[in-house]
Each structure stands twice: as C-alpha cells, then as structure tokens.
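Just follow the structure's listing: the first ligand is 1, and inside any ligand the first atom is 1.
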Amino acid sequence: MDHSQPRTTRRLSADPSGISEAAALLRTGGLVAFPTETVYGLGADAMNGQAIAALYQAKGRPQFNPLIVHLADIDDLSRIAVSNPRVIKLAEVFWPGPLTLVLPSSSESPISDLALAGLASVAVRIPGSSTARALIREAGVPIAAPSANRSGRVSPTTAHHVLDDLDGRIDAVVEGDPSHVGVESTIVSLIGDRPILLRPGGVSREALETVLGEVLGEPERHPLSDHHPIAPGMLHSHYAPRAMVRLEADRIAPGEAALLFGPAEPAGLRDAVAKINLSPMGHLAEAAAALFASLRALDESGAAVIAVAPIPQIGLGEAINDRLQRAAAPRL
Ligand code: TXA
Ligand code: MG
C-alpha cells in the first residue's frame, strides 16, 4: 500500500463484518482508526516498519515519539515485554482498561524499532473497549496506536472528530461509540526501582497507589519540559485548539468562550460567545468524558479565547488539568 498518496478513507461499522474488514486492512499494512474507551486510536501493525512510518506521516508526528502497543490479551504480553510482580497486580485490577505500562522490551521483541523510537522499553495497553479488543484479536498482530488526531491537536473522542483531522490520510475508521473515559490512558513506568507516573489519565493516581500499596514517583525532569521529555511525547504545547486557552478563569471577558465546571456561574458569563459546562454537578468522570469534544465545539464558535473555570486537582481532575495546561501552553 502506498501511504504517501492521498487515500479514500472508508467508514466501517463496529460490527463483525466491519471489524473483519478493518482487521484485514491492518494485517496488510493499512492505517485504521478505531474506538477505544479513552480516545479514538490510529492503528497500524506494530511489527511492520513501513506501516509505522506511514502512521507517523499521516499524523504529522515527530518520529522520536514512541507509540503505545495495544494487545487484546495478557497472554500476548510476554512476547514483547518483560513482566514483574507490579505488572501482575496492576493488570488484575486495571486491564483491560485505561492504563499503559512502560516495561523493558523482551529480547526477541517483534515490535518495529520505529514504533519504539529506538528505546529499550515498550509502552503496552490492553484497551477496555470490546470493539478495540475484537479488532486487535482478529488482526492477529500487536497494534501501535497513538490518538487519531493530527499531531499537536485535540484528541478525538468520536469517529467524526477523526474524520475532521484525518479524512483522506488513512485507510479506514471504525465508527463505534464515543469514547466514554474521554482522556488518554494513564502511563506508569515500571522500569526502575519505583513506579513512576509519566502521564495522568483515565486511571487516577489515587487508585493506582491503593492497588500498588506504594506512592507513585514523579518523572525526574518536569514532564512539560520541551528539552528532554521523559515520555518523549510530553512536549509542551499539545491538545491545542485554534483559540487561545485561559485557565483558572473566575470571570469571563466579553467575546470569550467559556468552559465551565460545577454549579458556579462566573461573572461575565452572559457576554460569552459560547459556553459549555463539562459537568454542572461537578463530577470529574463526566467532565473528562466531555473535555475534548467541548474544546472542539468551543473552538468552532470562532472565539479568540476559551476561558476555563478551575477544576479540582484530584482523581481524574489531574488528567483534565494536565490536558488543559498543554492546550494553554505557548505554541511553538
Ligand atoms: O489512551 C491512550 O493511551 C491512547 C489510545 C489510542 O490508546 N493512545 C495514546 O497514544 O494516547 P499517544 O501516542 O497519543 O501517547 C503515547 C504516549 C506518548 O507520550 C509517548 O511518548 C509515550 O506514550 N510513550 C510511548 N512509549 C514510551 C516509552 N517506552 N517510554 C516512555 N513513554 C513512552
Ligand atoms: Mg496523542
């Protein structure tokens, strides 16, 4: 398949016939977007270097940024990664689900070096979405899948978002349900002596620490640093809508769009160009599920600035605030 040319993007249904067509495309080196419970992923055969190169190209992604390898079953883990007792503990509770573990690569790993960006470690996840697992199982290969957006843009939580960014650049999208978690998986490194939280996400820090019975360490360098990113994907500006994003807004200026949380009504709301409340009752899981679609929708209002109300830094709030800080970061 030639991936340098524009392609017709097929829309496949999330039923057995759609999944089997999608799996056939993946087996032959195609690029297929599919639903997961966190965000839609853009899948390619993780063992096929050419398919991975095409995937980076379709996203416009810097090639030093490694991909998460998605598996359908834990039995497939030992082929690509070296396990340890913490993996067993976490997998029992959180897999399938929105947790990615960074582990040492196995010596005979079939994963393409390009997918690993040359690292000796591999990030692995078994997604909670049954459509995703059915697709991976039927493809019969490990699937590398970043979020199915153009690099640096807001992650997609619907098939429609995927087409907005990637129509004509990928072979197919499986049109499943909207992603109900709404933020990407939590990434935990289990490579060193202590577990390290590399990216907050769909499983909260508190839940992980309870299951592990130990405190998660922080990355050595600040994850928002552009210079030596820990998870190489942790570049400063990310998830960026076209509008500027202003955080911790307790009042809305005329002409701004408002992204709200909870029952409080900030001053100036009446003059907002557009407004969306992520969760009027103040539920963080509901807010996470609505986050990316709301950023896209407020961006479409044409407002120059999206003002965002404060969101508590607990549970899923940590992942929500992480994504909002990246959306607000200076553009490079
Ligand atoms: O929820 C998710 O994780 C979604 C869905 C599609 O599964 N995927 C996703 O992939 O968010 P992506 O490519 O947008 O983010 C992967 C992150 C990047 O920050 C990358 O640097 C990091 O994982 N990563 C991958 N391999 C790594 C490794 N060996 N060590 C440290 N970080 C790694
Ligand atoms: Mg992404």
Side-chain angles (χ1 to χ4, degrees), residues 32-44 46 52 55-56 58-71 80-82 94-105 109 111-129 131-133 135-136 142-157 161-162 165-166 174 176 179-192 196-203 219-221 223-224 228-240 288 292 319 322-323 326-327:
V32 176
F34 61 95
T36 87
E37 75 282 16
T38 58
V39 299
Y40 272 63
L42 178 58
I52 300 300
L55 188 157
Y56 282 119
K59 272 192 64 106
R61 178 174 181 131
Q63 295 210 355
F64 53 78
N65 190 355
L67 303 170
I68 296 173
V69 176
H70 294 66
L71 303 176
I80 68 166
V82 181
F94 299 113
W95 273 355
L99 176 66
T100 294
L101 298 178
V102 174
L103 303 172
S105 271
S109 172
I111 304 299
S112 130
D113 276 338
L114 195 54
L116 302 178
L119 299 177
S121 57
V122 58
V124 189
R125 170 162 118 84
I126 300 178
S129 154
T131 301
R133 288 202 310 282
L135 174 61
I136 299 163
I143 299 295
S147 49
N149 51 283
R150 296 287 283 267
S151 190
R153 300 208 58 80
V154 177
S155 298
T157 53
H161 296 160
V162 173
D165 269 24
L166 296 173
V174 176
S179 302
H180 65 89
V181 174
V183 290
E184 293 84 347
S185 60
T186 303
I187 305 181
V188 174
S189 168
L190 295 179
I191 289 193
I196 306 283
L197 180 67
L198 293 180
R199 176 176 77 181
V203 176
E220 266 170 38
R221 297 183 200 86
L224 290 182
H228 298 284
I230 289 287
M234 299 196 152
L235 304 176
H236 207 156
S237 172
H238 215 91
Y239 307 100
F292 290 139
D322 170 81
R323 304 310 186 266
R326 289 167 204 282

Counting heavy atoms only, which part of Leu198 comes closer than 4.0 Å to ligand 1: side chain, backbone, both or neither? side chain
If we count only N and O atoms by modelled type, under 3.5 Å, do the side chains of Ser155 and Glu184 hold a donor and an acceptor together? yes
Heavy-atom contacts under 4.0 Å between Arg61 and ligand 1: side chain, backbone, both, or neither? side chain
Check whether any side-chain heavy atom of His161 sits under 4.5 Å from a side-chain heavy atom of Asn149, and report yes or no. no
Any N/O of Tyr40 closer than 3.5 Å to an N/O of ligand 1? no
Can you check whether Arg125 has an N/O within less than 3.5 Å of an N/O in ligand 1? yes
Show me, pair by pair, the donor-acceptor contacts under 3.5 angstrom made by side chains of residues 112-121, not counting sequence neighbours?
| residue | atom | partner | partner atom | Å |
| --- | --- | --- | --- | --- |
| Ser112 | OG | Leu114 | N | 3.1 |
| Ser112 | OG | Ala115 | N | 3.2 |

What are the atoms of ligand 1, with element, lying closer than 4.0 Å to any heavy atom of Ser121? 28 (C), 29 (N), 30 (N)
Where ligand 1 meets Ala145 - atom numbers and elements under 4.0 angstrom, heavy-atom basis: 6 (C), 8 (N), 10 (O)
Heavy-atom contacts with Ala123 under 4.0 Å: which atoms of ligand 1 show up? List them by number with element. 25 (C), 26 (N), 27 (C)
Assess the side chains of Arg61 and Asn65: does a donor N or O sit below 3.5 Å from an acceptor N or O? yes
Is the distance from the Mg ion (ligand 2) to the nearest N/O/S atom of Ser147 under 2.8 Å? yes
With heavy-atom distances below 4.0 Å as the criterion, list the atoms of ligand 1 near Leu119. 28 (C), 29 (N)
Below 4.0 Å from any atom of ligand 1, is there a heavy atom belonging to Ser147? yes
Interfacing atoms of ligand 1 (cut-off 4.0 Å, heavy-atom, Asn65): 18 (C), 20 (C), 21 (O)
Just which atoms of ligand 1 are under 4.0 Å from any heavy atom in Ser185? 1 (O), 2 (C), 3 (O)
Checking Leu103, Thr100, Ile196, Leu99 against Val188 for side chain to side chain contact (heavy atoms under 4.5 Å, CB included), the one that qualifies is Leu99
Where is the tightest heavy-atom contact between Arg125 and Gly97, given as atom of each residue plus distance? NH1-O, 2.9 Å
So does Leu166 get a backbone contact from the side chain of Lys59, meaning a donor-acceptor N/O pair under 3.5 Å? no
Ser129 meets the side chain to side chain donor-acceptor pair (under 3.5 Å) criterion, sequence neighbours left out, with none
